[in-house]
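Read through the structure below, which is laid out as structure tokens, and then see the notes.
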2 protein chains.
Amino acid sequence: MSIRNPKQALYEQFAIVAKALGHPLRLEMIEQLAQGARSVEALAAKLGQPIANISQHLQALRRAGIVAAERDGKFVRYSLADESVLSAFASVRAVAERRLAEVDRIVRGYFEARDQMRPVSRDELQVLMRDGLVTVIDVRPPDEFALGHVPGAINVPLGEIEAWSQNADAGREVVAYCRGPWCVMSFEAVAALRSLGHSARRLEDGMPEWKAAGLPVEMAA
Amino acid sequence: MSIRNPKQALYEQFAIVAKALGHPLRLEMIEQLAQGARSVEALAAKLGQPIANISQHLQALRRAGIVAAERDGKFVRYSLADESVLSAFASVRAVAERRLAEVDRIVRGYFEARDQMRPVSRDELQVLMRDGLVTVIDVRPPDEFALGHVPGAINVPLGEIEAWSQNADAGREVVAYCRGPWCVMSFEAVAALRSLGHSARRLEDGMPEWKAAGLPVEMAA
DNA sequence: TCGTCATTCAATTATTCTGTTGAATGACGA
DNA sequence: TCGTCATTCAACAGAATAATTGAATGACGA
């Protein structure tokens, strides 16, 4: 244990990152920080935890290079270190979603007792679209898009995000959605768009919920 | 803590996956399993660990849905549960690479010092092979080679590099690959070949990435 | 049916992690 | 310079995890 070859040392570094992701509260903190920078106090209030506890978890995340700290007046504002954190979060979730039968069960229960913390709600999106303030993209594969999508949305499958973004107005905000709140594709789309300099957010949930809410659905021509 | 809403329960499931990735030995096991299915005994031998220890870590990985078990005669063969595991591994690594200063130091100090030449990308290698310009050697042990290798590659385990090079055309460039971007064997192979007067480079990554990219894989006869 | 043997379980100890408390730090505004 | 207040540190108890040992399982082959 004391004598480590470089290979083992590397694995230890990787393990530090994964271990930092290995706690429910820290994951929740990461999702909060994905919405924007937060002070320790704000995070603590949001998550209903003692401030000192949040502070310590933030230290752990910082040691792993997952979050960055920046002083802003009296506050220290924490934010995600970079976009790669979001994709790591998304792929951990992808493993959990595909493999843990229990997740399905929990997710179903979750739809009934949802709380408020998704970036853009359906109602909010309707207002934004009515006022022409955002571009809405549907990142699902074309066949799913053809079966019904948010009126006015553009179909931009994940693989085409980068090409599409080059012709898009970089100053206009993009709202991405896919299959639902636990679908990774819209996370990845947002991460990709942000790293390309665009302003992007996720829709709170996805197509099935939109249709279930009785909102208009457009079919392919 | 005892009363969990569905959201927290969900984060707990995600945390189980991340926690399972949060141990150097388990990460090493995952890299091994990315090469192909392995028995407990084979893994233990490969990593120099007690069998019971490996078995317990495998249970942890299985609980997290990261590996799958399948009985094969007397042995239980473990393998990665699906492709999403590899991408989770890769994104954890990406976070570590970008953010941990120590990783940079380790990588520069150990890996890059041994390989100042640009590694060969997969696309580049395909062109070089198509045009017959290079000899490709797979420096992994024969058992891993047998489970799948780059078509046309020759299996030259590390210990046989010197003997093999004496019968090889010294004017022909060699491309070596092994288990992946962090596998040391191809670095050492390239270093050995260069010191023997050959022209040698590494493939940028290794076998699991080649297979994951959907490129053809050849099995042993 | 029985022995073999790869694998798993159970129990132990050492280590690490978690959450709480209260005190210390240190930047800002007066 | 000093008080205020967001944040961090230090220290503790309780819980979880890791590695080791030896015994128990249970599927295969004879």
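Chain letters run A, B, ... following the sequence lines, proteins first and then strands; every chain starts at 1. The shown structure was predicted, so the numbers you read here are calculated from the model rather than taken from an experiment.
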Grab the CG-P distance between A:Leu61 and C:dC17 for me, whole Å please.
14 Å
Measure CD/A:Glu70 against P/C:dA27 and give the value in whole Å, please.
15 Å
May I ask you to test the B:Arg140-B:His149 pair for a side-chain heavy-atom distance under 4.5 Å?
yes
How long is the line joining NE2 of A:His23 and P of D:dT17, in whole Å?
10 Å
Scan nucleotides 2-7 of chain C nucleotide by nucleotide, 5' to 3', and note B when protein non-hydrogen atoms come under 4.0 Å of the base, S if they reach only the sugar-phosphate, - if neither.
---SSS
Just the atom pairs and distances: protein N or O near nucleotides 20-23 of chain D's N or O, under 3.5 Å.
{"unit_1": "D:dT20", "atom_1": "O4", "unit_2": "B:Gln56", "atom_2": "NE2", "d": "3.4"}

Within the pair A:His57 and C:dC17, is there a side-chain N or O less than 4.0 Å away from OP1 or OP2?
no
Other residues, nucleotides and ligands only: do more than 12 of their heavy atoms fall within 6.0 Å of CD on B:Gln126?
yes
Integer-rounded Å distance: D:dT8 P and A:Arg63 CZ
12 Å
Measuring from A:Arg130:CZ to A:Leu125:CG, what's the distance to the nearest 0.5 Å?
11.5 Å
Distance-minimising heavy-atom pair for A:Val190 and A:Ala200:
CG1-O, 3.8 Å
Determine whether B:Val150 and B:Leu215 make a side-chain contact, defined as any pair of heavy atoms from C-beta on separated by less than 4.5 Å.
no
DNA chain C stem ranges, 3 or more consecutive Watson-Crick or G-U pairs under 3.5 angstrom:
C:1-30 with D:1-30
Heavy-atom nearest pair, B:Met129 first then B:Pro151, reads CE-O, 3.0 Å
Just the rounded figure in Å: distance from P of C:dC17 to CG of A:Leu25.
16 Å
Could you tell me the separation between the CD1 atom of B:Ile54 and the P atom of D:dA18, rounded to a whole number of Å?
13 Å
Among B:Glu28, B:Arg26, B:Glu31, which one satisfies side-chain hydrogen bond (donor to acceptor under 3.5 Å, both in side chains) with A:Tyr11?
B:Glu31
Anything under 30° is parallel, anything over 60° is perpendicular, the rest tilted; go ahead and classify A:Phe14 against B:Phe89.
perpendicular
Taking atom CD1 of A:Ile30 and atom CG of A:Leu80, what is their separation to the nearest 0.5 Å?
7.0 Å
Examine the side chains of B:Ser84 and B:Asp82 and answer whether a donor and an acceptor come within less than 3.5 Å of each other.
yes
B:Glu218 atom CD, over 12 foreign heavy atoms within 6.0 Å
yes
